[in-house]
Structures are given as structure tokens and as C-alpha cells.
Amino acid sequence: MTSLTPEILLRAYAVGLFPMAEHRDDPTLYWIDPEKRGVLPLDDFHIPRRLRRTVRRNEFEVRCNTAFTDVIRACAAPAEGRDESWINDEIVSLYTTLNEMGRAHSVETWQDGKLVGGLYGVALGAAFFGESMFSTVRDASKVALVHLVARMKKGDFELLDTQFVTDHLAQFGVVEMPRSGFRQLLASALDRSASFPPEISQPELEALLQSTTQTS
């Protein structure tokens, strides 16, 4: 893959592709088009009971797009259980540009003025493509996910792509579907428009907590 630009990247997302590197020091990017795709149905979002309590206690300050590059670099950094990363310097640069264009967003969790968790992804039409998340404090990335879903519902998004299904994501209701089914959902979402709200009110957040499925 050569001469990858933000514009080419957006066109790739529109047909269901996304880039990854073999590891953080590999300069080569590869297009990924999984046979099975992870999707989080927004109307069937599950929130574990303990996480629900954590969100209500407001243990974290949640911000959007105030430290995008820091979030993506933290997602690429070594962490417990993850020595390697598919996020290389070109991905950091490309997605930071997408953020500056208003096409990529970060949801960040802060504690005592320190960035302790967050996630980032790409918005296109009424679809949001979740890329990666990180956490240095328990539940920090999970709280960011709850806030992401709240913003998506407020902004009229209809598709949250998680790319793959992991045990971590399955607890929130992520399902796996064939490539053909995902592309149908994607086409529908791209025919609609949505906006990514930088803020949500406490009543809006509480409405999400009350409307979603509670798991143990």
C-alpha cells in the first residue's frame, strides 16, 4: 500500500475496508476485509451492573477530541496482555489528519487531570468505525464506550462497527455477522447523515443507562 491519503482511507471505509500494520514498527499497511465482522447493535447495548454504577458515580471526566493523538498513541503502546500493536506511525498521522478534518473522533476518560483511558474511530454517514481503545485505570475504556454509544444515539448514528468480536467486546452485546450482512448495514448507514455531539447531558446519559440491557 503506497501513497495512502485520508481521502483514500475514507473511500476504503465506505466499502468496508480498513488498514492495519503487522506491528508498530512495520511501515507497510495492509487492507483488511474480514469474512466475519463485529457489530455492536445500538439498541441492544449491554452494560454490566458494576459498570453502570461506575458511570453514575462520575469517577472520570469524559472529553471528546481534546487529546486525539495521545489516545491513538496510547492505543499503540505496549500494555498488559498486549506487547505488539497494529498501529504504526503512518496510521497515527493519517487518523490525526482525519480528526482535524472532523472525520475521526476520540472519547477520552480523565482522572485528576491525567488521560487514563479512551477510544477512537472514524465517522462516515451514520456509521462509526471503532478502531481501538486503551485503559490504564480499571473501567476507563469501558466508560468511554458507554459515552460513545450515548453520543451515537444522540447524533442519529445507526451502525457501530467493532471490526472483530473479542471476549471483552462480547459482554457489551457485540455480534458477529458475515461480510455480506455487514455491507448491507453499511450501505444503509452511509445513505444517512449523523453528527458526532461533543457533549451529552447527565439526563441524556441516564436515559441510556435506563434503556439498555443490564448484565451481571
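Given the structure is predicted, the values throughout are model-derived calculations rather than measurements.
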Taking every non-hydrogen atom, the tightest pair across [X] and [Y]:
X      : Y      : result
Ala126 : Ala194 : CA-CB, 3.8 Å
Leu10  : Leu124 : O-CD2, 3.6 Å
Ala144 : Val107 : O-CG1, 3.6 Å
Val165 : Ala170 : CG1-CB, 4.5 Å
Ile72  : Ile91  : CD1-O, 3.9 Å

Report yes or no: does [X] contribute a side-chain atom to a donor-acceptor pair with the main-chain N or O of [Y] at less than 3.5 Å?
X      : Y      : result
Ser195 : Pro197 : no
Gln184 : Gly181 : no
Asp112 : Lys114 : no
Asp26  : Ala21  : no
Glu204 : Ser201 : yes
Thr66  : Arg63  : no
Thr109 : Val116 : no
Ser141 : Met133 : no

When you compare the side chain of [Y] with that of [X], does any pair of heavy atoms fall below 4.5 Å?
X      : Y      : answer
Leu29  : Asn88  : yes
Phe164 : Ile32  : yes
Phe129 : Leu160 : no
Val39  : Phe182 : yes

* So Glu176 and Arg37, salt bridge (Lys or Arg N to Asp or Glu O under 4.0 Å) or not? Walk me through it. -> CA-CA 5 Å; Glu176 190 173 68; Arg37 196 78 169 227; over 6 Å; no

* **Residues which pass salt bridge (charged side-chain N to carboxylate O under 4.0 Å, His left out) with Glu206, listed by chain and number, not counting sequence neighbours** => Arg56

* **Sequence-distant partners of Arg103, salt bridge (charged side-chain N to carboxylate O under 4.0 Å, His left out), two or more places apart** => none

* Let me see the working for Asp89 and Arg24 under salt bridge (Lys or Arg N to Asp or Glu O under 4.0 Å), right down to the final yes or no. => CA-CA 7 Å; Asp89 287 342; Arg24 69 172 59 85; over 6 Å; no

* To do: Decide salt bridge (Lys or Arg N to Asp or Glu O under 4.0 Å) for Arg57 and Asp139; before the verdict, give the C-alpha distance in whole Å, the side-chain angles of both, and the deciding distance to 0.1 Å.
  => CA-CA 12 Å; Arg57 286 197 297 266; Asp139 290 339; over 6 Å; no

* **Close aromatic pair by centroid cut-off 6.0 Å: Phe18 and Tyr13** =>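 Phe18 vs Tyr13: aromatic centres not under 6.0 Å.
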
* **His46/Phe172 aromatic ring centres below 6.0 Å** => no

* Asked: With sequence neighbours left out, what residues match Ser106 under side-chain hydrogen bond (donor to acceptor under 3.5 Å, both in side chains)?
  ->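 With neighbours one apart ignored, the set is Glu108.
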
* Look at the aromatic rings of Phe196 and Phe157 and report parallel, tilted or perpendicular, splitting at 30° and 60°. =>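 Perpendicular.
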
* Asked: Just checking, any donor-acceptor pair under 3.5 angstrom between side chains of Glu158 and Ser188?
  ->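 There is such a pair between these side chains.
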
* To do: Look up atom CG in Asp161 and atom CZ in Phe128, then write down how far apart they are to the nearest 0.5 Å.
  =>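 Rounded to the nearest 0.5 Å, the CG-CZ separation comes to 10.0 Å.
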
* Asked: Do other residues, nucleotides or ligands put more than 12 heavy atoms under 6.0 Å from Arg73 CZ?
  -> no

